[in-house]
Amino acid sequence: MEPTHVPVLVDEVRALLQPERGGTFVDCTVGLGGHARMLIEGGATRLIGIDRDTDALALARAELSSFGDRVTLVHADWSTTLHKNPLR
């Protein structure tokens, strides 16, 4: 059985982040890609997804593959990644 996850507060996150503005968004716990999909479908120009769970990243990669190079997935722990490589 494949893991499933229903992202919560999707409408609230969309309203706060306003992906229709375009730009790059970072999902620091991309998991299975639910919020990431909403952001990229909502108009985000680019999405960077970070997760330390390789199994979750594999599922997110499959979930988001149709978006091609608009999505970059990174195997890392968000707390150390952002300290070592601050996004500017």
Side-chain angles (χ1 to χ4, degrees):
M1 183 164 102
E2 288 212 20
T4 59
H5 171 71
V6 177
V8 297
L9 301 171
V10 173
D11 293 335
E12 293 83 353
V13 170
R14 182 184 300 112
L16 280 169
L17 297 181
Q18 302 172 2
E20 65 275 7
R21 297 175 298 135
T24 299
F25 289 77
V26 179
D27 185 339
C28 292
T29 53
V30 74
L32 304 185
H35 283 98
R37 172 176 280 286
M38 175 275 294
L39 290 168
I40 205 83
E41 284 179 342
T45 308
R46 184 162 184 254
L47 182 115
I48 301 168
I50 301 170
D51 209 297
R52 65 182 179 176
D53 182 335
T54 56
D55 293 333
L57 276 176
L59 292 167
R61 186 167 283 110
E63 175 72 16
L64 303 170
S65 65
S66 63
F67 299 105
D69 62 359
R70 291 176 60 201
V71 174
T72 301
L73 298 175
V74 179
H75 176 235
D77 182 312
W78 70 268
S79 63
T80 55
T81 300
L82 294 181
H83 289 292
K84 290 179 183 176
N85 303 297
L87 301 171
R88 297 181 190 165

Show me the donor-acceptor pairs within less than 3.5 Å that the side chains of residues 34-49 make with the rest of the protein, sequence neighbours left out.
from	atom 1	to	atom 2	distance (Å)
His35	NE2	Val8	O	2.9
Arg37	NE	Glu63	OE2	2.5
Arg37	NH1	Glu41	OE2	2.7
Arg37	NH2	Glu63	O	2.6
Thr45	OG1	Gly23	N	2.8
Arg46	NH2	Thr72	OG1	3.1

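Following chains of ILVMFWY side-chain contacts shorter than 4.5 Å, one cannot reach Leu64 starting from Ile50, and the two form parts of different hydrophobic clusters. Put simply, Val71 and Val10 are part of the same group of oily side chains (I, L, V, M, F, W, Y) that touch within less than 4.5 Å, one to the next. One hydrophobic cluster, built from ILVMFWY side chains closer than 4.5 Å, holds both Val30 and Val13. Residues Leu59 and Leu73 fall into different hydrophobic clusters, defined by Ile, Leu, Val, Met, Phe, Trp and Tyr side chains chained together at heavy-atom separations under 4.5 Å.
Side-chain atoms of Arg21 come within 3.5 Å of backbone atoms of Leu17 as a donor-acceptor pair (strictly under, hydrogens ignored). When atom types are taken as modelled, the side chain of Asp51 and the backbone of Leu57 share no donor-acceptor pair closer than 3.5 angstrom.
With sequence neighbours excluded, no residue forms a salt bridge (Lys or Arg N to Asp or Glu O under 4.0 Å) with Asp69. Taking the side chain to side chain donor-acceptor pair (under 3.5 Å) definition, one finds that Asp11 meets it with Arg14, sequence neighbours left out. For Arg52, the salt bridge (Lys or Arg N to Asp or Glu O under 4.0 Å) test picks out Asp77, with sequence neighbours left out.
Ala60 and Gly33 get closest at one heavy-atom pair: CB-N, 4.2 Å. Taking both residues in full, the closest heavy atoms of Ser65 and Ala62 are given as OG-O, 3.2 Å, listed atom of the first, atom of the second, then distance.
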